[in-house]
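Take a look at the structure below.
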Amino acid sequence: MAGIGSPCSPPGEYEVRAEAEGFRSLARTAVVRVGSTTTVNIQLPLGILRQVVEAIDVLPDISHDSYSIDGVVSRFEIENLPLNGREFLQLSVLEPGVMAAPMAGFLTRQFDVSVLGASPDRTRVTMDGGAIHNALGGGVPQNFSQEVVQEFQLSSVNFDLSTGLTGSGAINVVTRSGGNDYHGAGLFFFRDHNLAAYPALERDPSNPDPFFARRQAGFHLSGPIKRDGLFFFANFEDNNQDGVVSVQPRTPAFSELGGVFANPFDSTQASGRIDWQASDEHNVFFRYSHDENDGFSPPTGEGRLPSNWAQTSNWA
């Protein structure tokens, strides 16, 4: 019986092989997840040394050395599940006790994530080990394309050292890297008011034909700079969104000031990552991510006239 731990390996699928004199060699596949320790227990059958047995259908490993309550959203789920605005944090709702909602108003973050009913401002978010949440105002001031994310771990109770200090839940994000093969993809998403239902399936009398159009285009490219040693991953995404907001003052004397007003939002996201396989035991990477967005919208609350709206410009 042999146990192999992989607490520092990058997330992904690995093949583990074990050999011993007088026993048949055994190969098993192990999946390393972000923020967790993967243990592979191998029992070698008696036999000839050169005969290899490959274990394919095996039960998922149970973590006996961890007491935390957490879950991992994989790359497969990020690629295949529907997302509102391509914001990957929306998939946090796949874990029990977690709520995620679009962030209304003039703040730069697109989604808020609340864990076990706590304030979303207390949720700690890290990417590749570095904090990206706002320590003073809460939330994530920098947005990222879903193309950048390899997987992310969401912890709710009994945190370990990888989550850092937090008064609520923690989200640990790992970004994608390149490999020995070239990969790339392009995308264009379009959505307008003709493809969406009215809120609560009911028309607003003051805005019977609301206009909305969202156009998202982008690409990602990855591959080797030097095979088996140096790799790159690059991503770019642009979001051009035009909408309207209906404002109707509750005081009859100011009813003439109401109307339908433009509510635009534009954003550009770009990321680049270089990975260096220094040795079998050491990996080094450098990542640069950029988020730029501009909007004109009402702050949190209802009934405020456009004279109180905020013109925001964010560069992160």
Exercise. Between Q150, R273, E147, which is the residue that forms a side chain to side chain donor-acceptor pair (under 3.5 Å) with T175?
Worked result: R273
For this session: For residues D275 and S177, report the shortest heavy-atom separation together with the two atoms involved.
Result: OD1-CB, 3.2 Å
For this session: Show your working on side-chain contact (heavy atoms from CB on, under 4.5 Å) between D266 and N293 and close with a plain yes or no.
Result: CA-CA 5 Å; D266 299 295; N293 56 66; over 6 Å; no
Problem set entry | Joint cluster assignment, F211 & F261, ILVMFWY side-chain distance < 4.5 Å | no
Seminar exercise, completed: Closest non-hydrogen atoms of E77 and L91, given as atom of the first, atom of the second and distance, are O-CD1, 3.9 Å
For this session: Find the distance between CG (D242) and CG (N240) and round it off to the nearest 0.5 Å.
Result: 5.0 Å
For this session: Give, for atom OG of S114 and atom CZ of R122, the distance between the pair rounded to the nearest 0.5 Å.
Result: 10.0 Å
For this session: Could you grab the distance from atom OG of S74 to atom CD of E79, nearest 0.5 Å is fine?
Result: 9.0 Å
For this session: Determine yes or no for a side-chain-to-main-chain donor-acceptor pair under 3.5 angstrom, with D291 supplying the side chain and N143 the backbone.
Result: yes
Problem set entry | Donor-acceptor contact present, side-chain Y182 to main-chain P224, <3.5 Å | yes
For this session: Mind listing the closest non-hydrogen atom pair of M127 and R287 along with its distance?
Result: CG-NH2, 3.6 Å
Exercise. Do the two ring centres, one from F88 and one from F152, sit under 6.0 Å apart?
Worked result: yes
Seminar exercise, completed: Distance col, row S92:OG vs I171:CD1, nearest 0.5 angstrom, shows 4.0 Å
Seminar exercise, completed: Rounded to the nearest 0.5 angstrom, the CD-CD distance for Q142 and E292 is 12.0 Å
Problem set entry | Ion pair E15/R17, N-O distance below 4.0 Å | yes
Problem set entry | Test salt bridge (charged side-chain N to carboxylate O under 4.0 Å, His left out) applied to D228 and K226, step by step | CA-CA 6 Å; D228 299 323; K226 180 179 180 182; over 6 Å; no
Seminar exercise, completed: So CD1 of I78 and CD of E151: to nearest 0.5 Å the spacing works out to 8.0 Å
Problem set entry | Closest contact, heavy atoms only, T126 versus A131 | CG2-CA, 3.9 Å
For this session: Run through the side-chain heavy atoms of Ile, Leu, Val, Met, Phe, Trp and Tyr, join any pair under 4.5 Å, and report what else lands in F188's cluster.
Result: F190
For this session: Determine the minimum heavy-atom distance between S168 and V115, stating which atoms define it.
Result: OG-O, 3.8 Å
Exercise answer: donor-acceptor pairs, residues 231-239 side-chain atoms, under 3.5 Å, sequence neighbours excluded:
| unit_1 | atom_1 | unit_2 | atom_2 | d |
| --- | --- | --- | --- | --- |
| N235 | ND2 | F219 | O | 3.1 |
| E237 | OE1 | R86 | NH2 | 3.1 |
| E237 | OE1 | S145 | OG | 2.5 |
| E237 | OE2 | R86 | NE | 2.9 |
| D238 | OD1 | T268 | OG1 | 3.3 |

For this session: Using the side-chain contact (heavy atoms from CB on, under 4.5 Å) rule, take Q216 and R191 through it: C-alpha gap first, then chi angles, then the decisive distance, then the call.
Result: CA-CA 9 Å; Q216 291 177 282; R191 172 186 169 189; over 6 Å; no
Exercise. Hey, does the side chain of N84 reach the backbone of E87 with a donor-acceptor pair shorter than 3.5 angstrom?
Worked result: no
For this session: Please check if I132 and V149 belong to a single hydrophobic cluster, counting links between Ile, Leu, Val, Met, Phe, Trp and Tyr side chain heavy atoms closer than 4.5 Å.
Result: yes
Problem set entry | S156 to L116 - nearest heavy-atom pair and separation | O-CD1, 3.8 Å
